[in-house]
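Structure first, then comments.
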Amino acid sequence: MASLALTSAVNLRLRPTPSQKPRISITQSLHFTQTSVKSTNLGKSLNLGGKRLNLEKSRRVIVKASASASSSPAIVPQQQPPWQGAAMKPLIASIATGVILWFIPAPAGVTKNAWQLLAIFLATIVGIITQPLPLGAVALMGLGACVLTKTLTFAAAFSAFGDPIPWLIALAFFFARGFIKTGLGNRIAYQFVKLFGSSSLGLGYSLVFSEALLAPAIPSVSARAGGIFLPLVKSLCVACGSNAGDGTEHKLGSWLMLTCFQTSVISSSMFLTAMAANPLSANLTLSTINQTIGWMDWAKAAIVPGLVSLIVVPLLLYIIYPPTVKSSPDAPRLAKERLEKMGPMSKNEIIMAVTLLLTVGLWVFGGALKVDAVTAAILGLSVLLVTGVVTWKECLGEAVAWDTLTWFAALIAMAGYLNKYGLISWFSETVVKVVGGLGLSWQLSFGILVLLYFYSHYFFASGAAHIGAMFTAFLSVASALGTPPYLGALVLSFLSNLMGGITHYGIGSAPVFYGANYVPLAKWWGYGFVCSVVNLLIWLGVGGIWWKAIGLW
């Protein structure tokens, strides 16, 4: 009976009723084991009718039940949340770069402040390339290091946040938001697809030459890229099912973004009024060699190599970085159907279109009206905010715009103070002495100067800053070594635009297109270098033949 009672107790403990789920906690299992031991001890002292209970069997039942109960997983250990901080290896590489350079003695002629700022600048560039944190965070840490080490004052470190170019780029993202939100971007994108969309290459060329046609009328490459073509290209990518961040970037967006960026530096080099810093090159030419570069002189010299580059570069990128969707014969028909389904323009589309025309008009005629590009963009955004086409909450939600503003302003500040501290002038003078002492022909000497001038742009976040720091010195040396002065001035002027394509911060259109997040940073720099080599071959090769034909040398 005792054995029966004990076995019944086990069964009652372990078997749930039909309406219950079998739940045994760790506490219950422990209590059950203790009870089982007590029952076992009690059973040892029982003897019914001279027959000893089969205690071993009872013990086996009890131990089995206890083990079964205690093995039930009642508490699941919580998983540790993933690490939200910096990627440590890239962070260490960035810091190590700065620390090593910091403790290397500064060369003769370079001040301590200039050398320390160079160490922080290069550490920041390494961090931007390897990305232990988002770009804005890396740049902000770089500025913090400048202030902490007393290399720059707070006012100096954050001085570029008052520069109009980073703000113009941020405003371009807000315009893009309205362009897409209202549907105007899709409408224009479908029109492009309807006309040119049977192939990705045809679509790309239509955008490339549209931007080149607008270049002489809009003297800000940031405004052209951000205010007009970024919204249009994003809308085209979305319309073709190519979105940033979801694995469909390579369908069309990656190639199209990179192509539009690389050709924007070409179109900027083709006309005197296509980039804000081009008149600075013309002014420095006048003061250095006392010769004037007129609008037609510039366009005549640049038109042949420029057109060749505009044809070759998109095709080159199409081969080495191709879109996965290359041909879509049904795209024009589908685009036409989408346009019919969209119907007439909505009120918000009309407001967006009128605002865009107003802004572009101010960009074109701003010189005569004394309205600069960023002021025109602020006026346009104000119209969109007042009419509710874009809300301020939506502007605050444009994280890429604020991130781009932060890192671009930080690089402009550091690069600007490298120039103010005399590092760039020291570099120019050193190059001049070395190249001048080689005793080469003027063609070879000029070729070396061109390469040094071009690729030193890795240290600049602004074409105007580069021109202001190095143009005069390099033109003077080239002329002294026998280079025809007017030819040297034109070539350096053209390259002052083309060199912007090597990084994601070297010219105003770079952060605009890079910020769309279709192209990884490593590929952006890699293909930028490839395109730079091709552009140099075209402009110095084909261009050299053309310049000979028109009598420049």
Side-chain angles (χ1 to χ4, degrees), residues 163-165 215-216 219-222 265-266 268-302 305-306 367 372-373 412 415-433 435-436 442 445-500 506-508 536 539-540 543 547 552-553:
D163 189 288
I165 297 300
S220 169
V221 66
S222 306
V265 304
I266 298 169
S268 294
S269 67
M270 291 175 67
F271 306 98
L272 178 62
T273 53
M275 209 268 274
N278 287 348
L280 176 60
S281 299
N283 290 338
L284 292 176
T285 298
L286 180 62
S287 63
T288 305
I289 62 172
N290 200 29
Q291 288 184 271
T292 302
I293 301 178
W295 195 95
M296 281 302 300
D297 299 324
W298 186 302
K300 182 181 177 181
D372 59 35
I412 288 176
Y417 273 88
L418 282 175
N419 187 28
K420 288 182 181 179
Y421 284 168
L423 184 74
I424 303 303
S425 60
W426 167 82
F427 174 74
S428 299
E429 291 167 6
T430 303
V431 168
V432 165
K433 289 177 183 176
V435 176
W442 74 262
S445 297
F446 187 56
I448 293 171
L449 287 173
V450 159
L451 291 176
L452 290 171
Y453 182 81
F454 192 97
Y455 287 108
S456 63
H457 195 62
Y458 281 109
F459 297 98
F460 289 90
S462 163
H466 192 153
I467 293 166
M470 300 179 69
F471 188 93
T472 300
F474 273 67
L475 178 57
S476 300
V477 175
S479 301
L481 293 175
T483 304
Y486 197 66
L487 172 66
L490 283 171
V491 172
L492 291 177
S493 298
F494 300 151
L495 298 185
S496 296
N497 292 276
L498 295 170
M499 64 192 179
I507 195 170
L536 284 172
W539 283 76
L540 297 180
W547 300 327
L552 289 179
W553 64 284

Is any side-chain heavy atom of [X] less than 4.5 Å from a side-chain heavy atom of [Y]?
| X | Y | result |
| --- | --- | --- |
| F471 | T285 | yes |
| S269 | W539 | yes |
| V450 | V491 | yes |
| Y455 | L536 | yes |
| M499 | F460 | no |

Would you compute the distance between atom [atom1] of [X] and atom [atom2] of [Y] and round it to the nearest 0.5 angstrom?
| X | Y | atom1 | atom2 | answer |
| --- | --- | --- | --- | --- |
| L418 | F459 | CG | CZ | 9.0 Å |
| S493 | L498 | OG | CG | 11.0 Å |
| L475 | T288 | CG | OG1 | 5.5 Å |
| I507 | H466 | CD1 | NE2 | 12.5 Å |

Exercise. Ignoring hydrogens and geometry, is there a side-chain-to-backbone donor-acceptor pair from N278 to F271 under 3.5 Å?
Worked result: yes

Exercise. Counting N and O atoms only, with roles assigned by atom type, does the side chain of W298 sit under 3.5 Å from a partner on the main chain of L490, one being a donor and the other an acceptor?
Worked result: no

Problem set entry | Side-chain H-bond candidate by donor/acceptor type, S496 with Y453, under 3.5 Å | yes

